[in-house]
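Keep in mind that the numbers below use all heavy atoms, side chains included, and drop hydrogens, waters and symmetry copies. Throughout, a chain's letter reflects where its sequence line sits, starting with A, and its residues are numbered from 1. If you're wondering where the values come from, they're calculated on a predicted model, not measured in any experiment.
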Amino acid sequence: MEKTYNPKSFEDKLYKEWEESGCFKAVRDDDKVPFTVMMPPPNITGQLHMGHAMDETMQDTIVRFKRMQGYCALWLPGTDHASIATEVKIVEQMKKEGLSKESVGRDGFLKRAWEWKDKYAGRIVDQLKKLGSSCDWSRLTFTMDEKCSRAVREVFVNLYNKKLIYRGSRIINWCPCCKTGISDVEVEYSEENGSFWHIKYFVEGTDTALEVATTRPETMFGDTAVAVNPNDTRYKHLIGKNVILPVVNKPVPIVGDEHADMEFGTGVVKITPAHDPNDFEVGLRHSLPVVRVMNDDGTMNSLAGKYEGMDRYECRKKLVEELKTLGNLVSIEPHAHNVGHCYRCGTTVEPIVSKQWFVKMEGLARPAIHAVLDKKISFVPERFAKIYYNWMENVKDWCISRQLWWGHRIPVWYCGDCGAEICAKEDVQACPHCGSKNVAQDEDVLDTWFSSALWPFSTLGYPDDTSDLEYFYPGDVLVTGYDIIFFWVARMIFSGLEHMRKVPFRDVLIHGLVRDEKGRKMSKSLGNGVDPLEIIDKYGADSLRFSLLQGVAPGNDTRYSDTKVESCRNFMNKIWNASRFVIMNCEGRNVKPLSEVKLLPADKWIIAKLQAAVRDVTLAMNKFELGIACQIMYDFMWSDFCDWYIELVKPVLYSEDVAKRDGAISVLVFVLENALKLLHPVIPFVTDEIYRNLPNASGTIMTKEFPRYNAKLAYKKDAQAFEGIMDVIKAVRAVKTELDCPPSKKVNLYMVTESKRFISANEESILKLAGAKDIKFISSAEEAGENAVTKVLAIGTLYIPMGELVDLEKEKARLQTELEKVTAEIARADGKLNNTGFISKAPKKLVDDERAKLNKFIAMREKILNQLKSL
RNA sequence: GGGGGCAUAGCUCAGCUGGUUAGAGCGCUUGCUUGACAUGCAAGAGGUCGAUGGUUCGAGUCCAUUUGUUCCCACCA
């Protein structure tokens with residue numbers, strides 16, 4: 001083995017082996033319990049970022065853990081066509097070549113899109129492999145694959161036939177840049193400093209005017225009424241009369257409607273049903289005409305008169321000028337308000353009435369809410385269930401049609417002769433009603449999330465009744481960020497319930513965002529994104545993986561930093577070198593099974609620590625507390641195994657006693673092997689590479705059984721007793737540092753203790769690790785001679801003659817501080833034990849523990865006091 | 001307007017259903033070429049767990065109020 005951890009020398013090689021050996025493949029095995037994870041398919045818009053890296057690492061860790069535990073683990077990978085996002089990118093790319101969608105045509109455009117897909121999907125797969133993802137590549141799915149298309153059509157037609165999909169004219173969010181409608185969740189709001197224009201609308205045939213206030217004056221051309229509150233005494237009498245729209249000089253009625261808030265503004269609202277969702281509702285209530293005044297690209301249409309063809313904002317400017325000239329403009333107030341933007345291109349969306357396809361949500365939402373209420377699905381952490389309820393309870397119908405080309409085309413055909421609307425799973429060649437061949441498919445495609453919603457079952461063969469579907473569905477855990485709960489998680493839940501009659505997964509593990517060092521979102525515009533591949537190249541995939549899991553709590557955002565990865569790289573190096581030490585010592589030796597060797601106290605201690613780590617890691621993993629699991633592994637490996645056990649075992653390894661040497665090497669190998677298995681789900685590469693160098697190892701570690709807690713090896717009492725020995729070592733080291741005594745200088749130790757035999761049995765360890773010549777057991781402090789520093793420990797009192805290094809005053813002060821500490825502890829424990837409530841109500845074990853502690857501290861105080869006296 | 005999150009060591013954060021003397025990484029101080037590792041070892045300094053009140057035998061942990069910060073949802077034109 002090399003002297004330092006060098007991930008490049010083995011990561012690619014190991015991944016290739018894993019893949020070729022087929023151990024990522026999940027094949028139905030009825031003797032095993034399935035464990036299914038569906039990878040959230042990354043968009044093919046670009047490459048993976050740190051957020052993906054964390055998401056994938058979490059999934060891989062869980063899947064590897066379950067696989068080692070004996071489950072038939074399926075992690076199904078894929079990529080998403082990301083309809084609008086990809087289309088925007090391709091349009092951008094074409095623009096650079098001087099091309100447009102129109103110039104290349106639908107077929108030409110789709111050809112380009114597929115080329116794009118081939119390039120980027122491939123890149124994503126390569127990145128996933130670099131990370132070590134153990135997914136079943138034989139099942140790699142793209143959301144526009146034939147099997148997904150079949151599922152989409154099946155679902156669309158079923159919902160259509162159940163009247164849960166309908167087509168209608170509604171106010172939707174229109175992106176004038178992407179020239180498509182988008183759903184409510186695709187709109188991002190941000191506060192902007194706009195203006196409030198107050199405009200006079202004269203009441204027909206009078207000199208009195210109503211003052212309306214608007215943030216979008218250009219929609220005035222589409223005003224078909226003015227509303228006042230029916231209870232508003234100021235305006236009540238005018239209801240039923242008309243006002244004259246300025247500029248166009250057209251009369252529109254004054255209607256009474258609750259929508260007009262008497263408290264807000266002037267209490268008069270202009271009603272533009274075609275360009276505002278609330279106005280649309282008012283329009284329905286009062287049977288007002290719906291007049292659309294804008295084109296799809298955000299320019300004004302012919303109804304805007306001389307402003308026809310002008311951009312909406314240009315028109316706004318010019319129109320305000322004109323109103324001013326006409327004397328209709330009363331005032332302009334600054335007004336901060338939330339403005340919606342397209343989540344893909346950032347353009348301000350325009351609420352516009354448009355004929356679109358919708359999914360009726362009412363009936364679908366209810367069971368989806370109950371699935372979570374009834375704990376058929378659990379969110380981790382739980383608080384995200386609230387966010388989910390809140391959204392589901394107020395969900396509006398889902399606009400699913402997009403005026404785009406890249407995506408699943410809506411499976412509806414229109415007959416040009418009889419006007420029939422035909423929704424079918426198979427392409428329609430002739431009208432089933434009149435036989436006409438003059439049929440054309442709907443031009444629009446579906447919202448990309450429509451196919452994503454079916455991901456948990458479309459990937460397993462739905463609508464066919466496949467064996468995979470029966471075995472692997474529903475999935476076990478879905479791992480994703482909180483930012484797509486509405487987009488995706490919610491929609492998978494109601495889709496699974498509606499089409500499979502079962503929830504799509506049991507748990508939803510929610511993680512946060514990976515931010516930059518300063519806590520900012522990583523984004524292209526800020527240029528603060530970090531490429532996972534570069535980090536892998538520099539520090540290794542395992543270092544990155546560990547750093548992404550360490551210290552994260554479910555649902556919380558986390559910060560990425562190079563120094564964190566570096567410290568994880570150091571941990572990898574530590575594991576590497578500890579292993580190198582073990583393996584070097586195995587050479588030429590016969591490594592016996594643990595059951596055949598005699599265990600020393602230190603051996604029992606490390607084995608006990610291992611058992612505790614196995615137990616705690618398993619518990620944490622089962623609760624998806626990956627950060628905690630990592631911490632436990634880290635502490636065990638570094639502190640317990642490397643810093644203590646390996647140092648403890650060195651003198652044994654170099655001793656003449658063959659039996660002892662055999663024991664030590666057996667324990668080293670046993671503990672290391674188990675630790676590697678424990679660590680493997682998080683850091684698969686380095687653990688496997690080392691594992692292959694262990695004596696008696698065969699094949700890859702990833703197919704080995706995950707360690708199980710073994711109560712027979714828990715050695716609780718032995719471990720506790722051994723901590724007493726460690727206390728002696730720590731005490732000697734501390735004294736040396738305090739007195740500026742070089743660690744290499746060997747000191748004599750004297751002890752007053754009742755554990756002579758146990759200490760003798762561990763004498764070698766103490767001498768080596770503490771840097772001491774010998775230990776003498778004495779019966780009183782005087783025997784240690786003058787100038788001895790005293791350390792009062794649980795196992796006994798330690799005297800270290802330090803000769804001229806001891807400063808009596810300093811020693812007194814030191815003992816005084818210790819006395820204060822111990823006295824404080826006594827007061828604390830005493831207070832607890834004198835509390836009748838504690839004695840009667842707290843668990844007995846706790847009370848006993850506290851009493852033992854008190855006794856220990858009292859004894860220590862006595863000893864310290866004696867020592868102070870003798871000084 | 002509604003709903004969350006966060007506030008713990010100089011910095012970044014853990015701390016699960018309330019129960020050892022509140023932890024880690026990085027940074028800092030001091031000392032170490034101890035035969036796996038200086039990507040290392042040892043010893044240390046550093047915290048009244050944002051504030052106030054409450055529940056409890058016991059609160060960093062639960063409840064209420066409050067301050068700061070941040071996010072999501074809705075939206076009054």
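Counting only heavy atoms from C-beta on, A:Phe581 has its side chain closest to B:A36 among B:A36, B:A77, B:G4.
In this structure, A:Met392 places its CE atom 21 Å from P of B:G3, rounding to the nearest Å. Atom pair A:Leu769:CG and B:G35:P shows a separation of 13 Å (rounding to whole Å applied). Spacing between atom NZ of A:Lys768 and atom P of B:U34 amounts to 11 Å, rounded to whole angstrom units.
Shown here is A:Glu723, whose CD atom has more than 12 heavy atoms of other residues, nucleotides or ligands within 6.0 Å.
Neither side chain, A:Lys821 nor A:Thr823, offers a donor N or O lying under 3.5 Å from an acceptor on the other. Under the 3.5 Å distance criterion, with hydrogens and angles disregarded, a donor-acceptor pair is assigned to the side chains of A:Glu211 and A:His198.
A:Asn173 places no side-chain N or O within 3.5 Å of a backbone atom of A:Pro351 that could act as its donor or acceptor partner. A donor-acceptor pair under 3.5 Å links the side-chain atoms of A:Asn693 to the main chain of A:Glu689, judged by distance alone. Of the possible polar contacts, one joining the A:Asn394 side chain to the A:Asn390 backbone as a donor-acceptor pair under 3.5 Å is found. At least one donor-acceptor pair closer than 3.5 Å links the side chain of A:Asp279 to the backbone N or O of A:Thr272. Side chain of A:Arg814 to backbone of A:Val789: no donor-acceptor contact under 3.5 angstrom is found. A distance-only check finds no donor-acceptor pair linking the side chain of A:Arg569 to the backbone of A:Asp542 [under 3.5 Å]. Checked by atom type and distance alone, the side chain of A:Arg216 pairs as donor or acceptor with a backbone atom of A:His275 at under 3.5 Å.
The aromatic rings of A:Phe636 and A:Phe641 lie parallel to each other, with less than 30° between the two planes, well short of the 60° mark. The aromatic rings of A:Phe196 and A:His335 sit parallel, their planes meeting at an angle under 30°, below the 60° perpendicular limit.
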Using a cut-off of under 3.5 Å, enumerate the N/O to N/O pairs linking the protein to nucleotides 15-18 of chain B.
from  : atom 1 : to       : atom 2 : distance (Å)
B:C16 : O2     : A:Lys623 : NZ     : 2.4

Dump the pairs, protein N or O against N or O of nucleotides 73-75 of chain B, anything under 3.5 Å, distances to one decimal.
from  : atom 1 : to       : atom 2 : distance (Å)
B:A74 : N6     : A:Asn338 : ND2    : 3.0
B:C75 : OP1    : A:Lys396 : NZ     : 3.3
B:C75 : N3     : A:Asn338 : ND2    : 3.1
B:C75 : N4     : A:Asn338 : ND2    : 2.4

Could you run down the sub-3.5 Å N/O contacts of the protein with nucleotides 53-55 of chain B?
none

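The side-chain ring of A:Phe838 is not stacked on the base of B:G19, judged by centre separation under 5.5 angstrom and plane angle under 30 degrees.
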Pair pattern of RNA chain B in dot-bracket, where unpaired bases get dots and | marks partners in another strand, Watson-Crick or G-U under 3.5 angstrom: (((((((..((((.....[...)))).(((((.......))))).....(((((..]....))))))))))))....
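Of all the residues in residues 255-264 of chain A, A:His259, A:Ala260, A:Asp261, A:Phe264 reach under 4.0 Å from RNA chain B with at least one non-hydrogen atom.
In terms of phosphate contacts, A:His335 brings a side-chain nitrogen or oxygen within less than 4.0 Å of OP1 or OP2 of B:A77. The phosphate of B:C13 (OP1 or OP2) has a side-chain N or O of A:Arg559 nearer than 4.0 angstrom.
Toward the 5′ end of RNA chain B lies the nearest nucleotide of A:Ala829, the other residue of the pair A:Gly837 and A:Ala829 mapping further downstream.
Separating the P atom of B:C6 from that of B:C63 is a span of 12 Å, rounded to the nearest Å.
Ion pairing between A:Glu818 and A:Lys791 holds under the 4.0 Å rule for side-chain N and carboxylate O.
At a threshold of 4.0 angstrom between heavy atoms, the contacts of A:Gly551 are confined to the sugar-phosphate backbone, with no base atom among them.
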For every nucleotide of nucleotides 37-48 of chain B, 5' to 3': is a protein heavy atom under 4.0 Å from its base (B), only from its sugar-phosphate (S), or from neither (-)? BSBSSSSS----
